[in-house]
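Chain identifiers are assigned alphabetically (A, B, ...) following the order of the sequence lines, protein sequences preceding nucleic acid strands; residue numbering begins at 1 within each chain. None of the values given here were measured: they were computed from a predicted structure.
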2 protein chains.
Amino acid sequence: MNLILLAPDDIAHQGLARVTDPRRLRHLREVHRAAPGDRLTVGVVDGAIGRGELLSLDAQAATFALEGLDQAPPPALPVHLVLALPRPRMLARTLEHVTALGVKRITLLHTRRVEKSYWMSPELEAEKIRQHLVLGLEQARDTQLPEVTLARGFRPFVEDTLPGLLEGRRGLLAHPGMPATCPRGLDEPTLLLVGPEGGFIPWEVERLLAAGCEGIHLGPRILRVETAVTALLARLF
Amino acid sequence: MNLILLAPDDIAHQGLARVTDPRRLRHLREVHRAAPGDRLTVGVVDGAIGRGELLSLDAQAATFALEGLDQAPPPALPVHLVLALPRPRMLARTLEHVTALGVKRITLLHTRRVEKSYWMSPELEAEKIRQHLVLGLEQARDTQLPEVTLARGFRPFVEDTLPGLLEGRRGLLAHPGMPATCPRGLDEPTLLLVGPEGGFIPWEVERLLAAGCEGIHLGPRILRVETAVTALLARLF
């Protein structure tokens, strides 16, 4: 927790914030070993970053006096990430990684090799997803919450949604065996599609290429989804 | 498990291999749903890659007839990674990530902000470390086991070990706030140093720079060690 992310509910009134949830209180006590008078980095959800002077900390609440909330959050990556829905534990970690790296738009997509049971996971509840996004923001000292969309059908996604996403974005399909190596150092708006463990099936690859995506690969090594996504984002941007 | 990694013990005699450990037997049954006649990718530790035809699979053993063990493993990254010892769970995952990405030399280093208790963790036993390396190799279809060295003192490392590691290698110290951005697309031998959660302390940074390392950064975002290491490797090579 390199930034204390304040939701509107946490801001008691002008210049004062109260944090009351057990996770953050425990972190303040046990990791920060915070004491009144300490100045910590705080940020407002979808807003600015500044400092908070800890006024009090007990089992129920931490109270901060806010100062100089005038810094912008770090720049976002110019990417919309379309990720075949990973298994629940991998999803949780991947959401944290990509949020920390600065991804702001995420679509979780059904594909043939996504197990249908993954769509029933409690990890897909909005509140659970938000928890992982918040952990990623707290890690990276960011405040802008990513938007996560669920696309429960491959065909409707390709036919109805993908053309709009590709307007003004360069579409990159990351898939083993594609002809081009992953480009480096892009700064243009990009749509990055990453398949599930086991990959997209050939029909899915065909459809995505036909829709205008370029196929790219990361080399001969087969990587876990969470490793591949981080590696792709770090190489692309 | 995209490759069945055979240790010398697994190779029964010329052309035949037996896998008897419960983890791999369960994976063959439950994930591969393998049946006699299936051909799977196999590799020999520190050796070549080929195919194995499954002859039999029961609760005690899987037997393979080996074919064409003549493919080279994928190329390694030209990097020696020096990593401040992470907490045990992070260590396990990071070893898997970096092995999958192709790192072959790893030094785990003590620094001021590494908790001393981490050095007592059972995760540091040679057999435990080997398990994580094997998982990384199985994931990436590689056979070359990385070498992992423990450096339990920062000062002896800098004074006695580092000068030798920097002979013929470009030393890169990844640390927030360093002046240069992380370079891209290197193919020269590199020594990459990554600090603990919380970073190297200023004295450590000074010593590493004085020894000839260049300071590099990944931008304003603070990343977890496992995210940062994957991102650095993907951007550098």
Side-chain angles (χ1 to χ4, degrees), chain A residues 1-3 31-32 41 49 71-77 87 89-90 93-103 115 135-144 174 176 181-186 197-199 218-237, chain B residues 1-3 31-32 41 49 71-77 87 89-90 93-103 115 135-144 174 176 181-186 197-199 218-237:
Chain A
M1 195 161 78
N2 296 305
L3 169 138
V31 181
H32 288 292
T41 302
I49 295 174
Q71 288 169 257
L77 294 183
R87 61 191 156 81
R89 271 185 57 203
M90 180 86 76
R93 287 209 302 268
T94 304
L95 288 174
E96 293 175 30
H97 292 311
V98 305
T99 303
L101 288 163
V103 174
E115 284 192 27
L135 289 174
L137 294 179
E138 288 176 349
Q139 170 64 45
R141 282 202 183 141
D142 194 357
T143 62
Q144 290 180 269
T181 187
C182 176
R184 294 175 188 271
L186 302 187
E197 303 287 329
L218 267 179
R221 296 175 175 276
I222 305 172
L223 301 176
R224 288 164 69 175
V225 166
E226 61 172 324
T227 320
V229 171
T230 298
L232 285 161
L233 294 170
R235 192 170 289 185
L236 284 170
F237 304 106
Chain B
M1 195 161 77
N2 295 306
L3 169 138
V31 181
H32 288 290
T41 302
I49 294 174
Q71 287 169 258
L77 294 183
R87 60 190 158 81
R89 271 186 56 204
M90 179 87 76
R93 288 208 301 267
T94 304
L95 287 174
E96 293 175 30
H97 292 309
V98 305
T99 302
L101 288 163
V103 175
E115 283 193 28
L135 290 173
L137 294 178
E138 287 176 350
Q139 170 63 47
R141 281 202 184 141
D142 193 358
T143 62
Q144 291 181 269
T181 187
C182 177
R184 293 175 188 272
L186 302 186
E197 303 287 328
L218 268 179
R221 294 174 177 277
I222 303 173
L223 301 176
R224 287 164 71 175
V225 165
E226 61 173 324
T227 320
V229 171
T230 299
L232 284 161
L233 293 170
R235 191 169 291 185
L236 283 171
F237 304 107

For the CG atom of D142(A) and the CZ atom of R221(B), what is their distance to the nearest 0.5 Å?
4.0 Å
Salt bridge (Lys or Arg N to Asp or Glu O under 4.0 Å) with R235(B): which residues, sequence neighbours excluded?
none
Do you know which of L223(B), N2(B), L3(B) has the most heavy-atom pairs under 4.5 Å to chain A?
L223(B)
Is it true that atom CZ of R89(B) has more than 12 heavy atoms of other residues, nucleotides or ligands lying nearer than 6.0 Å?
no
Go through the atoms of P75(B) and report whether side chain, backbone, both or neither lie under 4.5 Å from a heavy atom of chain A.
both
For chain A, find which of P74(B), P73(B), A231(B) contributes the most heavy-atom pairs closer than 4.5 angstrom.
P74(B)
So for L232(B), is it side chain, backbone, both, or neither that comes closer than 4.5 Å to the heavy atoms of chain A?
neither
Identify which part of L218(A) has an atom lying under 4.5 Å from any heavy atom of chain B, answering side chain, backbone, both or neither.
neither
So, the part of T99(A) with a heavy atom under 4.5 Å from chain B: the answer is backbone
Contacting moiety of T94(B), where chain A heavy atoms sit under 4.5 Å
neither
Greatest number of non-hydrogen atom pairs under 4.5 angstrom with chain A, of G136(B), P220(B), G185(B), falls to G185(B)
Please, which pairs that meet side chain to side chain donor-acceptor pair (under 3.5 Å) have at least one residue in residues 222-233 of chain A, sequence neighbours excluded?
R93(A)-E226(A), H97(A)-E226(A), R224(A)-E226(A), R224(A)-E96(B), T227(A)-H97(B)
